[in-house]
Chemist: 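A single structure is presented below for examination.
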Amino acid sequence: MDVKKLDQFAKEIIVEAGKKIRDAFSYDIEIETKSGANDLVTNIDRETELFFIEKIKAFDSSHRILGEEGMGEKVESLEGVVWIIDPIDGTMNFVKQHRHFMITIGVYVDGVGILGYIFDVMREDLFYAIAGQGAWYNDSPMRKLQPLKIEEAVIGINANWVTPNNRINHEKIIELVRTVRGTRSYGSAAMEIAFVVSGKLDAYISMRLAPWDIGGGVVIAKEVGAIATNFNGNPFDFLTTDTFLIANPYIHQLILDNYIEEKKML
Ligand code: 2AM
Ligand code: CA
């Protein structure tokens, strides 16, 4: 497989899709809810996913597409070449803020990530990696993550988890928030992952992510030495939703051991 050519093609369609999404702000965006009132989808999410499917199938019809909006074929295994796509990650930001939403794509061959992309559509900023060759922020190579202490860390976490909830022990999260230098919450998992791999955040914690939220990000993570696991310290399960912690390698285990205590689901 010609990875360079595939990378070139992926970048072209991501940039083109980004332009289409920015142009959509001049038209009507139709907003619907999915699993609940805060789970949004728009016609633009669907149109963007279809755009990717058409382009990829024309490039190589044997490639399969696992997209959040489910417009590709049903993907139940990661055999062969699979593109894991979130056409808009952070749909609430897209609808409400008109910024801070990402296109994110991971290309997997027999379950192994070979290309990863996170594209900030409004800033036209691209974080990407080619497995084994390194990671880049636009044209600049990204550095390996450097040692740091937990007290110096800035972490991404949703404020919900600092309040009593049935997923994790919030008292431990309060301790974590008091220990670190600062917290942020951006509303796009892919954006928070892009920030961790480029050292703008030192960890990001989420109770429930889907394969398309992280498929691109974990490929980039590997190249810069960021560690990405579920709360058990195991690799994320790509065929379902899972808990997720991505962090600077110097604090990943420490966060898991000291601050994350999952509650048993009834
Ligand atoms: P989305 O905007 O593509 O749905 C914070 O809301 C982050 O979690 C966003 O990146 C969002 O992606 C993702 N997210 C929202 N609801 C989710 C769900 N039910 N399962 C997995 N990820 C979800
Ligand atoms: Ca999405």
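Each ligand, and each atom within it, is numbered from 1 in the order the structure gives.
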Chemist: Can a donor-acceptor pair be found, under 3.5 Å and without considering hydrogens, that links the side chain of Asp39 to the backbone of Ser35?
Modeler: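 Indeed, once roles are kept as given, a pair shorter than 3.5 Å links the two residues.
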Chemist: For Asp89 and ligand 1, does the shortest N/O to N/O distance drop below 3.5 Å?
Modeler: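 Min N/O separation from ligand 1 is below 3.5 Å for Asp89.
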Chemist: Of all the atoms in ligand 1, which lie at a distance below 4.0 Å from a heavy atom belonging to Ser188?
Modeler: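 What qualifies from ligand 1 is 10 (O).
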Chemist: Looking at Glu223, is its backbone amide N or carbonyl O close enough to the side chain of Lys144 to form a donor-acceptor pair, meaning the two atoms are under 3.5 Å apart?
Modeler: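 Between the backbone of Glu223 and the side chain of Lys144 there is a qualifying donor-acceptor contact (under 3.5 Å).
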Chemist: Using modelled atom types only, decide if a donor and an acceptor are shared between the side chain of Glu49 and the backbone of Gly70 within a distance under 3.5 Å.
Modeler: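 It does hold such a pair.
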Chemist: Against heavy atoms of Asp213, which atoms of ligand 1 measure under 4.0 Å?
Modeler: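 So the atoms of ligand 1 that pass are 12 (O), 13 (C), 21 (C), 22 (N), 23 (C).
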Chemist: Can you confirm, on distance only, whether ligand 1 has an N/O atom lying under 3.5 Å from any N/O atom belonging to Ala190?
Modeler: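 The answer is no, given that Ala190 and ligand 1 share no N or O pair closer than 3.5 Å.
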Chemist: May I ask you to decide if Leu209's main-chain N or O and Thr241's side chain share a donor-acceptor pair within less than 3.5 Å?
Modeler: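 No, the answer is negative, given that no donor and acceptor are paired below the 3.5 Å cut-off.
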Chemist: Checking the side chain of Asn230 only, and the main-chain atoms of Phe244 only, is there a donor and an acceptor separated by less than 3.5 Å?
Modeler: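 Here the side-chain-to-backbone pair does not exist.
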Chemist: Considering only NZ, NE, NH1 and NH2 on the basic side and carboxylate oxygens on the acidic side, decide whether Glu124 and Arg22 come within less than 4.0 Å.
Modeler: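 Salt bridge between Glu124 and Arg22, a charged N being under 4.0 Å from a carboxylate O: yes.
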Chemist: Using only atom types and a distance under 3.5 Å, with no angle test, would you say the side chain of Arg64 pairs donor to acceptor with the backbone of Glu79?
Modeler: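 It does hold such a pair.
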Chemist: Test your reading of the structure: does Ala189 have an N or O sitting under 3.5 Å from an N or O of ligand 1?
Modeler: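 Right, the criterion is met.
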Chemist: Can a protein heavy atom be found under 4.0 Å away from atom 18 (C) of ligand 1?
Modeler: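 Under the 4.0 Å cut-off, atom 18 (C) of ligand 1 does have protein heavy-atom neighbours.
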Chemist: So, is Arg208 polar-close to ligand 1, with some N/O to N/O distance under 3.5 Å?
Modeler: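 By distance alone, the answer is yes.
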Chemist: Among protein heavy atoms, which sits nearest to atom 2 (O) of ligand 1, and what does the distance come to when rounded to 0.1 Å?
Modeler: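 The closest one turns out to be Gly90 N, 2.7 Å.
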Chemist: Could you label the plane-to-plane angle of the His63 and Trp83 rings as parallel, tilted or perpendicular, counting under 30° as parallel and over 60° as perpendicular?
Modeler: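 Aromatic pair His63/Trp83 classed tilted.
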Chemist: Answer yes or no: is there a donor N or O on one side and an acceptor on the other, between the side chain of Lys263 and the main chain of Asn165, under 3.5 Å?
Modeler: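 Yes; at least one donor-acceptor contact below 3.5 Å.
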Chemist: Heavy-atom distance from atom 15 (C) of ligand 1 to the protein below 4.0 Å?
Modeler: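 No.
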Chemist: Hey, looking at atom 4 (O) of ligand 1, which of Met191, Glu68, Met102 has the closest heavy atom?
Modeler: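 Comparing heavy atoms across Met191, Glu68, Met102, the nearest one to atom 4 (O) of ligand 1 lies in Glu68.
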Chemist: If you stand at the Ca ion (ligand 2) and look out to OD1 of Asp86 and OE1 of Glu68, what angle do those two lines make, to 10°?
Modeler: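 Roughly 90°, rounded to 10°.
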Chemist: Are Ser35 and ligand 1 in contact, using a heavy-atom cut-off of under 4.0 Å?
Modeler: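 No, Ser35 has no heavy atoms under 4.0 Å from ligand 1.
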Chemist: We want to know whether Asn158 and Ser185 form a side-chain donor-acceptor pair, criterion being a heavy-atom distance below 3.5 angstrom.
Modeler: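 Result is no, nothing qualifies.
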Chemist: Just one of Glu69, Glu68, Glu32 clears the salt bridge (Lys or Arg N to Asp or Glu O under 4.0 Å) bar with Arg46, so which one?
Modeler: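 The residue from Glu69, Glu68, Glu32 that satisfies salt bridge (Lys or Arg N to Asp or Glu O under 4.0 Å) with Arg46 turns out to be Glu32.
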Chemist: For atom 8 (O) of ligand 1, find the nearest protein heavy atom and state the residue, atom name and distance (0.1 Å precision).
Modeler: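 The closest heavy atom on the protein side is Leu209 CD2, 3.9 Å.
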Chemist: Is the distance from the Ca ion (ligand 2) to some N, O or S atom of Val41 under 3.0 Å?
Modeler: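 No N, O or S atom of Val41 is closer than 3.0 Å to the Ca ion (ligand 2), so no.
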Chemist: With atoms numbered from 1 as shown, which atoms in ligand 1 lie under 4.0 angstrom from a non-hydrogen atom of Asp86?
Modeler: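 Under 4.0 Å from Asp86, ligand 1 has these atoms: 3 (O).
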Chemist: Any idea which protein heavy atom is nearest atom 5 (C) of ligand 1, and the distance to it?
Modeler: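 Sorting protein heavy atoms by distance from atom 5 (C) of ligand 1 puts Gly187 O, 3.9 Å first.
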Chemist: Tell me, please: is Ile88 in heavy-atom contact with ligand 1, that is, under 4.0 Å?
Modeler: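 Ile88 counts as a contact of ligand 1 under the 4.0 Å cut-off.
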